[in-house]
Amino acid sequence: MDMRKTLPAAATALLLALTSCAPSEPPGPPGPPRAGPPPATPAASRQDPEQAERTMASLRRVDDLPLYEMTYVGAYDPTVGTDAPPPSPFGCSLFVAAGDPDRPVFARNFDWDANPALVLRTDPPDGYASLSLVDISYLGVGADPAGDRRLLNAPLLPFDGMNERGLAVGLAADDAATARPVPGKPTVGSVRILRLVLDRAATVDEAIAVFTGHNLDFDGGPPLHYLLADATGASAVIEFVDGELRVERGAGGWQALTNVPVVGVPEQRRRADRRYGQIAAALTDAGGVLDVAAAHRLLAAVRQGHTRWSVTYGLRSGEVRLVTATGAGERRYRLPMS
């Protein structure tokens with residue numbers, strides 16, 4: 001398969017604004033630690049100087065969040081370099097609406113501190129092309145990242161994303177989770193694992209295999225759980241229960257995740273969580289069938305005062321639609337699907 005496609009630039013912003021309609025939950029702990037001066041050679045980059053310069057030159061500001069876009073040119077090593085403490089447990093809502101097998105949608109609110117964000121396009125020579133969203137404060141990068149070569153480590157820290165095969169993944173905090181290391185498996189950061197999934201997995205089954213092949217390191221932040229979905233509409237939640245990785249596959253045309261455990265938990269107890277309950281009720285009523293506009297309306301209904309972005313991924317169409325906390329409008333991207 002030829003993976004050396006060039007991902008298109010974003011289309012112009014559209015006149016759609018989604019406003020917050022849910023009260024903010026309690027503020028979380030302080031933001032991630034800021035790194036020192038930019039390193040001369042970012043650890044993950046396997047670019048030649050010309051590729052690194054093209055990558056840095058592609059950076060542009062597109063929103064007052066601030067939100068930036070960047071296309072990563074060349075190779076990187078996803079197993080070395082920057083790791084990040086996971087985000088605070090005070091937010092994040094995700095769901096898959098797969099009741100219409102021709103139009104499955106993965107949707108996500110990222111709720112966290114007022115940090116700059118980056119839409120990142122990657123097309124590694126030995127993996128799948130993908131589009132992902134990165135909170136660049138975890139790289140130690142500030143609100144004006146121009147010229148900061150720490151951005152060359154950005155592929156390592158996707159907080160959600162989708163690849164050219166229609167495999168999408170996102171994370172949310174789960175205070176109840178505990179991960180026990182399995183001898184003989186490599187250990188990766190709990191955010192880094194998303195990069196390995198996007199680069200290596202075309203289906204939910206392959207993504208689960210990436211997870212089961214690694215130990216996850218939750219040190220430095222709260223533990224996490226994950227939602228996966230692919231172009232067939234298949235989905236799964238990955239959680240860590242009593243130290244062991246557990247999987248719950250989607251059924252009934254939808255699956256949802258907030259900040260409460262779901263694996264082995266009765267649905268009635270899950271719905272006691274306000275955001276999960278609201279998402280589950282809407283998806284049940286719709287039979288799991290939501291178009292992109294309806295998915296964004298549901299994300300808007302569970303937005304909080306600290307929601308940084310709302311994004312939908314068209315798992316078959318390759319269309320990505322993004323709304324940031326500024327409410328200035330919707331940005332659209334298209335990932336060429338293979």
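For this chain, numbers begin at 1 and follow the sequence in order. Keep in mind that the numbers below use all heavy atoms, side chains included, and drop hydrogens, waters and symmetry copies.
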Does [X], at its [atom1] atom, have more than 12 non-hydrogen atoms belonging to other residues, nucleotides or ligands within less than 6.0 Å?
X	atom1	answer
Gln268	CD	no
Arg246	CZ	no
Glu267	CD	yes

Tyr276 meets the ring pair (Phe, Tyr, Trp, His ring centres under 6.0 Å) criterion, sequence neighbours left out, with none
Residues at least two apart in sequence or cross-chain that pass ring pair (Phe, Tyr, Trp, His ring centres under 6.0 Å) with Trp254, listed by chain then number, are none
Handout entry: Polar contact flag, side-chain donor to acceptor under 3.5 angstrom, Glu164-Ser130
Key = no
- Task: For Asp205 and Thr203, test the side chains for any donor-to-acceptor distance below 3.5 angstrom and give the result as yes or no.
- Result: no
For residues 179-189, which side-chain N or O atoms pair as donor and acceptor with protein atoms under 3.5 Å away, sequence neighbours left out?
residue	atom	partner	partner atom	Å
Arg180	NH2	Asp242	O	2.9
Lys185	NZ	Thr212	O	2.5

Listed by chain and number, what are the side-chain contact (heavy atoms from CB on, under 4.5 Å) partners of [X], not counting sequence neighbours?
X	value
Val105	Val292, Ala295, Thr312
Ala294	Leu290, Asp291, Arg297
Asp63	Leu65, Leu67, Thr324, Thr326, Ala328

**Salt-bridge criterion met for Glu206 and Arg200 (N-O under 4.0 Å)** = no
- Query: Between Glu69 and Arg61, is there a salt bridge with N-O shorter than 4.0 Å?
  - Reply: no
Check: What do you reckon, are the aromatic ring centroids of Phe95 and Phe106 less than 6.0 Å apart?
Finding: no
- [ ] Kindly indicate, with the supporting measurements, whether the criterion salt bridge (charged side-chain N to carboxylate O under 4.0 Å, His left out) is fulfilled by Glu319 and Arg103.
- [x] CA-CA 11 Å; Glu319 185 176 54; Arg103 296 186 302 167; over 6 Å; no
